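Down below is the structure, laid out as structure tokens.
Keep in mind that this is a model prediction, so the values were computed, not measured. Order of listing sets the numbers, starting from 1, for every ligand and every atom in it.
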Amino acid sequence: MMRHSAAHIMAEAVQSIFPDTKFGIGPAIENGFYYDFDLPRPLTPDDLPLIEAKMNEIIASNAPFVRQEATKQKARGLFADQPYKLELIDEIPDEKVSLYRQGSFLDLCRGPHVSSSGEIKAFKLINIAGAYWRGDEHQPMLQRIYGVAFATKGALDEHLKKLEEAIKRDHRKLGIELDLFSIHEEAGSGLVHWHPKGAVIRRVIEDFWKDEHIKHGYDIVYTPHIAKLDLWKTSGHWEFYRDSMYSPMEVEEQEYVIKPMNCLGHILIYKTRLRSYRELPLRYAELGTVYRYERSGVLLGLSRVRGFTQDDAHIFCRFDQLEDEVVGVLDLARFMIDTFGFINYKVLLSTRPEKYAGTIEAWEQATDTLSQALTRLKIAHDIDRGEGVFYGPKIDIKFEDALGRGWQGPTIQVDFNLPQRFNVAYIGEDGKEHLVAMVHRTVLGSMERFLASLIEHYGGAFPVWLAPFQVMIIPVADRHLDYAHKLEAGLRDEEIRTEVDDRSERVNLKIRQAQLDKIPYMLIIGDKEVAASTVSVRLRSGEQATAQSFDSFKESVKLAVANKVKDLRL
Ligand SMILES: [Zn+2]
Ligand SMILES: [Zn+2]
């Protein structure tokens, strides 16, 4: 209520500075509020302090928020010069609309608000962005001002500090600084190009992911990127999911589409022969790259893209095996989150929506099964009533990064739709055919979004097992190069990712560069080290470890990598 009221006060301030402003909407959001304005000129960051000053005047005046009701006709008169408000009035089904006035500003609003402007204690305007009216790119582009508001100055300051830290850790910024990935307008929005260093992190994660899946009883499969449109018609995707799919392409008079999901390929593999109940469960895992249409306006670095690789798997099992399978996935998901260094997570169980495939009994049974699996593992969870996908109930896990922000991670979905549409069945003990229980699941989400979360969680300073380069060898002078390269070869033999900075630059500059690149270990090699056959280890934090023998350093790093430790101290 306080945050939304602050939006009204910001609108009043903007009106006093730009009397011809056309107003969009101004809701409260997490930690703050925004308001969309149609203004005579583009705003600059310099405008924000002026608007803030005006807002402070309004707050100091302690103007009451006064509610009044009006017929739609009267309201149309009051907002005659406000085209966006007129549009909103037309859409209100009731005969009367409610209006709120504080000071000189009148707004169409359902409320509620604080009783007077003086109740806004601590706020700050933080950002200006473009926003299409109603999020529709065919509508005018408005200017949106974002603000944050808190009950106390202390809480606001704490939040602003976190925001500052978030900007430093922004994966788009670090992606450039650390040379991890890029997105090119020439190639298209939302399409990620992985540079060598980013690709190293991704490969390490993918190798780990594959090994763990094989250990957990999954089979790795590969499926094509395109498939005949008819297949997507059979699955129902073309009917229900077309908005997120790219247009078909024609190959020898057949229409093909690029896959938005990996499920169908796995079903086709399953169906290559008759399956007996004894074979189940079958678990097919694939790092499957899919393409989905997202509006250009919502694309964001690695976290919202058009092409991404899901760490996907589909489990085909009997219904009496479903609970154990879900427990297995939850266990694996928690192990993954934990290994990558995320501590807190929230779990949501989503139930049957209004439109659904399958029977109510099947839904209830499957929802109970998911809930029992969570109970068995003592995982606290919330219920998101009616928020399941149309084809089945699901569990979503949101993990928290170092700044306490939630990231969408693992998801487990039961599917009543595809087994039926493709007759995905097995021969039971009774000799009859039964439809399988099918589970879609990821344990990271997608490689792109997961990498975004990792980059921001660690601020680019990855644990040694994930770091693109693990050791940078820094020779003090050219006469130390031979020894440096010998060490490099020794480390590379052990698959420790190592480079020698052999540029003829000053040592301090090389150290500074390695620190900026957030390389875990630097080995400084001078006369003393060459003579004694030792190494001087420096951490990226600037901390200096004691000189040690090369072999002992090598063994320590190997151990740190193998144990996936986060602490760099040897
Ligand atoms: Zn309001
Ligand atoms: Zn799937």
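Exactly one residue among F79, W133, F37, Y84 makes a ring pair (Phe, Tyr, Trp, His ring centres under 6.0 Å) with F23. That residue is F37.
A search for side chain to side chain contact (heavy atoms under 4.5 Å, CB included) contacts involving R334 returns D331, Y345, L377, I379, not counting sequence neighbours. The side chain to side chain contact (heavy atoms under 4.5 Å, CB included) search around A366 returns P393, V414, F416, not counting sequence neighbours.
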- Given the rule in the side chain to side chain contact (heavy atoms under 4.5 Å, CB included) test, do D311 and I205 qualify, once you have shown the distances and angles that lead to the verdict? CA-CA 10 Å; D311 65 298; I205 296 173; over 6 Å; no

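Protein N, O or S atom count below 2.8 Å of the Zn ion (ligand 2): the structure gives 3.
The angle that H113 NE2 and H8 NE2 make at the Zn ion (ligand 1), rounded to 10°, works out to 90°.
Relative to the ring axis of Y270, R275 places its NZ or CZ within 45° and under 6.0 Å from the centre.
Among residues at least two apart or in separate chains, salt bridge (Lys or Arg N to Asp or Glu O under 4.0 Å) pairs with a member in residues 104-125 are E52-K124, K85-D107.
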